Structure formats: C-alpha cells, structure tokens
Protein chains: 2
Amino acid sequence: MITPAQRYERFLTDLKAAGVRLTEQRKVIVKVLAEAHDHPNADELYHRAYVLDGSVSLSTVYRTLRLLEDHGAIQRHDFDAGRARFENADTDHHDHLIDVDTGQVIEFRSERIEKLQAEIAAELGFDIVRHKLELYGRRRG
Amino acid sequence: MITPAQRYERFLTDLKAAGVRLTEQRKVIVKVLAEAHDHPNADELYHRAYVLDGSVSLSTVYRTLRLLEDHGAIQRHDFDAGRARFENADTDHHDHLIDVDTGQVIEFRSERIEKLQAEIAAELGFDIVRHKLELYGRRRG
DNA sequence: ACCGATTTGCGAATGATTTGCAATTGCGTT
DNA sequence: AACGCAATTGCAAATCATTCGCAAATCGGT
C-alpha cells in the first residue's frame with residue numbers, strides 16, 4: 001500500500017530523471033496531487049496548492065498539469081463536460097462509476113471487461129491504446 | 001434499413017408530436033443531422049446547414065442541438081475534449097472505437113459488454129442510467 | 001390575414017484553458 | 001558561494017466553444 005508521501009517522492013524522482021526542472025510551484029502541485037484521494041479539477045488543485053504556497057498561480061497549475069500528463073504521471077478525465085478532472089496515474093488501472101445523483105465517483109476494475117474490450121478491438125483489427133469506460137448510475141433504493 | 005429521408009420524417013413527426021415549433025432553421029438542421037453518416041460537431045453542422053439555408057446561425061444550431069438532445073432525438077459525445085460531437089439517437093445503441101491515428105470513429109455493439117456492465121453496477125449497488133465506452137486504438141499493421 | 005408567444009440572429013458575455021512577455025528562479029558551472 | 005542563462009513564473013490579455021440578452025422576425029392556431 002503506497003502512502004501519499006511515497007507517491008510524492010516517486011513523482012519527484014521520476015520527474016528529475018526525466019530532466020524536468022523541480023520548481024517550488026511544481027513540487028507543491030505534485031504534492032497536492034500525491035495527496036489527493038479524489039478527482040480534483042484544475043481550480044480545486046489551485047486552491048489546495050495555494051494554501052500550501054501562495055506563490056502558485058492558476059496558470060502554473062494548468063501548465064504543470066499538462067506537463068505531468070505528457071509525462072504520463074497523471075490522467076485527465078472529463079466526467080462532466082467543460083471541466084477536466086485529474087488523478088495520479090501510478091495507481092492500478094481502473095474504470096469509474098459516477099453516481100448521477102451525487103456526483104460521487106467510485107472506482108472499480110473488472111478483468112472480464114478489460115479482456116472483452118481487447119477481444120472486440122482485435123475483431124475489428126485494432127490494438128487498444130487506451131480506453132474510457134464510465135458507468136453513470138443510480139444507487140438502488 | 002432506414003433511409004436519411006425516413007429518418008428526417010420521423011424526426012419531424014416526433015418533434016411535432018412533442019409540441020415543438022417547426023421553424024425553417026430547425027428543419028434544415030434536423031435534415032443535416034438525419035443525413036449525417038459521421039459524428040459532426042456544432043460548427044460542422046452549422047456549415048452544412050448554412051449551405052442549405054443561409055438563414056441558419058450558429059446560435060440556432062447550438063440551441064437546436066440542445067433541444068434535440070433534451071428530446072432524446074440525438075446524442076452528444078465528447079471524444080476529443082472541448083468540442084462536442086453529435087449523432088442521431090434513433091439508431092441502435094452502440095459504442096465507439098476511435099482510431100488514434102486517423103480520428104476515424106467506428107461503431108460497434110457487444111451484448112456481452114452491455115451485460116457485464118450491468119452486472120458490475122449491480123455488484124456495487126447501482127442501476128446503470130447510461131454509460132460511455134470508448135476504445136482508442138491503432139490499426140494492426 | 002391577424003396576433004401573441006416562441007424563436008431567431010446578432011454581438012456581447014461566459015467559463016475553462018492557453019499564451020505573450022517581462023521578471024524571477026533553478027541549477028550546472030565556476 | 002556567486003554567476004549566467006535558459007526554463008519557468010505570474011499577470012493580464014487572448015482563445016475557443018458555448019450561452020445569453022434583446023429587438024426583430026416567424027410559427028401556427030384563430
């Protein structure tokens with residue numbers, strides 16, 4: 001079980017290894033991402049980072065998010081159109097179930113679905129690069 | 001096998017039945033949608049409609065798209081973030097495979113995946129309201 | 001054809017994200 | 001420990017897709 005602190009260290013090590021300059025702002029943003037247990041959007045990340053270090057700007061949050069995404073360190077989602085949401089990519093792959101009433105995001109993983117997807121793509125003559133599976137559901141009353 | 005002309009007629013009949021006013025612009029936009037074999041975005045729809053009738057504006061395209069979506073006549077997708085794409089909803093349900101190299105969108109349907117999704121949601125205590133499954137793949141060389 | 005409510009086009013407003021630019025900063029080199 | 005400069009930053013202005021306000025045009029029942 002990886003801790004936020006460990007995740008943070010790994011983030012920094014990987015970035016340094018990739019030749020990325022570790023600025024104060026980037027470290028703070030990465031720390032916020034490492035500690036996030038949810039799927040925050042850019043603005044939420046900005047606010048959390050700003051509390052830790054008032055020198056972080058929204059622009060830099062956006063620039064850093066793009067940087068991290070390009071490095072494969074985080075993943076971008078668009079559960080609700082118009083606002084991207086992020087999560088660190090080091091955790092195991094999983095899909096999302098969004099509660100349409102509360103907006104709550106539940107993570108799950110199904111080997112069978114993964115397998116089935118690969119089979120379907122293969123039948124169509126493709127190899128899957130990535131996929132997006134989002135279930136929008138309502139809690140059973 | 002339904003023809004574009006038939007689809008167009010059904011669109012109009014359904015809208016009229018729903019008490020929607022059939023303006024010139026709406027008819028043109030609906031016709032363009034009925035004839036579309038791809039997944040055009042608002043701007044593309046606007047251009048196609050404008051050719052048929054220069055009195056169509058982009059605002060009205062957006063308003064009509066929202067209207068049609070609310071009536072369940074079309075479906076909105078966001079394959080690429082930041083730009084919504086549309087398709088008529090009268091066809092059978094299907095998912096999408098997007099060729100990451102060409103952007104081509106291939107439609108497919110798998111009963112097994114549908115079933116599996118319902119099972120997973122049920123295990124988590126949910127009923128599926130809708131879902132989004134997009135495979136992004138590369139053609140096998 | 002008439003009339004009132006609905007819909008339209010226009011341009012301005014919005015909200016998320018990006019960008020230009022001058023000032024600041026990380027970090028390899030002295 | 002200071003130097004130098006390219007990379008990075010904050011800010012404000014720009015962008016991009018989409019929405020909105022409002023006066024003018026239009027639908028469709030009478």
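All figures in this text were calculated on a predicted structure; none of them were measured in a lab. Lettering follows sequence order; numbering is per chain, from 1.
If you take CG of A:Asp70 and P of C:dT18, they are 10 Å apart, rounded to a whole angstrom. The OH atom of A:Tyr62 sits 18 Å away from the P atom of C:dG20 (whole-angstrom rounding). With rounding to whole Å, B:Tyr46 atom OH is found 7 Å from C:dC10 atom P. Distance A:Gln25 CD to C:dT25 P: 8 Å, rounded to the nearest Å. Regarding A:Arg76, its CZ atom lies at a distance of 12 Å from the C1' atom of C:dT18, rounded to whole Å. One can place CG of A:Asp53 at 11 Å from P of C:dG26, the figure rounded to the nearest angstrom. For A:Asn41 and C:dG15, the CG to C1' distance is 12 Å, given to the nearest whole Å. Going from atom NZ of A:Lys16 over to atom C1' of C:dC27 covers 10 Å, rounded to whole Å.
Positionally, the nearest nucleotide of DNA chain D for B:Leu58 lies more toward the 5' end than for the other of B:Leu58 and B:Val20. Residue B:Phe86 is the one, among B:Phe86 and B:Lys27, whose nearest nucleotide of DNA chain D lies closer to the 5' end (criterion: closest heavy atom).
Between the CD atom in A:Glu35 and the OG1 atom in A:Thr3 there is a gap of 10.0 Å [rounded to 0.5 Å].
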Checklist entry - ring pair (Phe, Tyr, Trp, His ring centres under 6.0 Å) between B:His96 and B:Phe79: does it pass, once the steps are laid out? => result CA-CA 9 Å; B:His96 298 93; B:Phe79 301 140; 5.0 Å; yes
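Nearest to the side-chain atoms of A:Arg21 among the listed nucleotides D:dT9, C:dG4, C:dG26 stands C:dG26. Which of D:dC27, D:dT18, D:dT9 sits closest to the side chain of A:Arg26 comes down to D:dT9. Taking every side-chain heavy atom of B:Arg63 into account, C:dT8 is the closest of D:dC11, C:dT8, D:dG28. In this structure, of C:dT8, C:dT17, D:dT8, it is C:dT8 that holds the atom nearest to the side chain of B:Thr23. Side-chain proximity of B:Arg66 to the nucleotides C:dC10, D:dT19, D:dA7 is greatest for D:dT19. Taking only side-chain atoms of B:Ser59, from C-beta outward, the nucleotide of D:dT9, C:dC10, C:dA5 with the closest atom is C:dC10.
Using a 4.5 Å heavy-atom cutoff, the side chains of B:Phe126 and A:Leu97 are in contact.
Using a 4.5 Å cut-off between side-chain heavy atoms of Ile, Leu, Val, Met, Phe, Trp and Tyr, with links allowed through other members, A:Val30 and A:Tyr62 fall into the same hydrophobic cluster.
Tested against B:Thr60, the residues B:Thr23, B:Leu65, B:Ile29 include a single side-chain contact (heavy atoms from CB on, under 4.5 Å) partner, B:Ile29.
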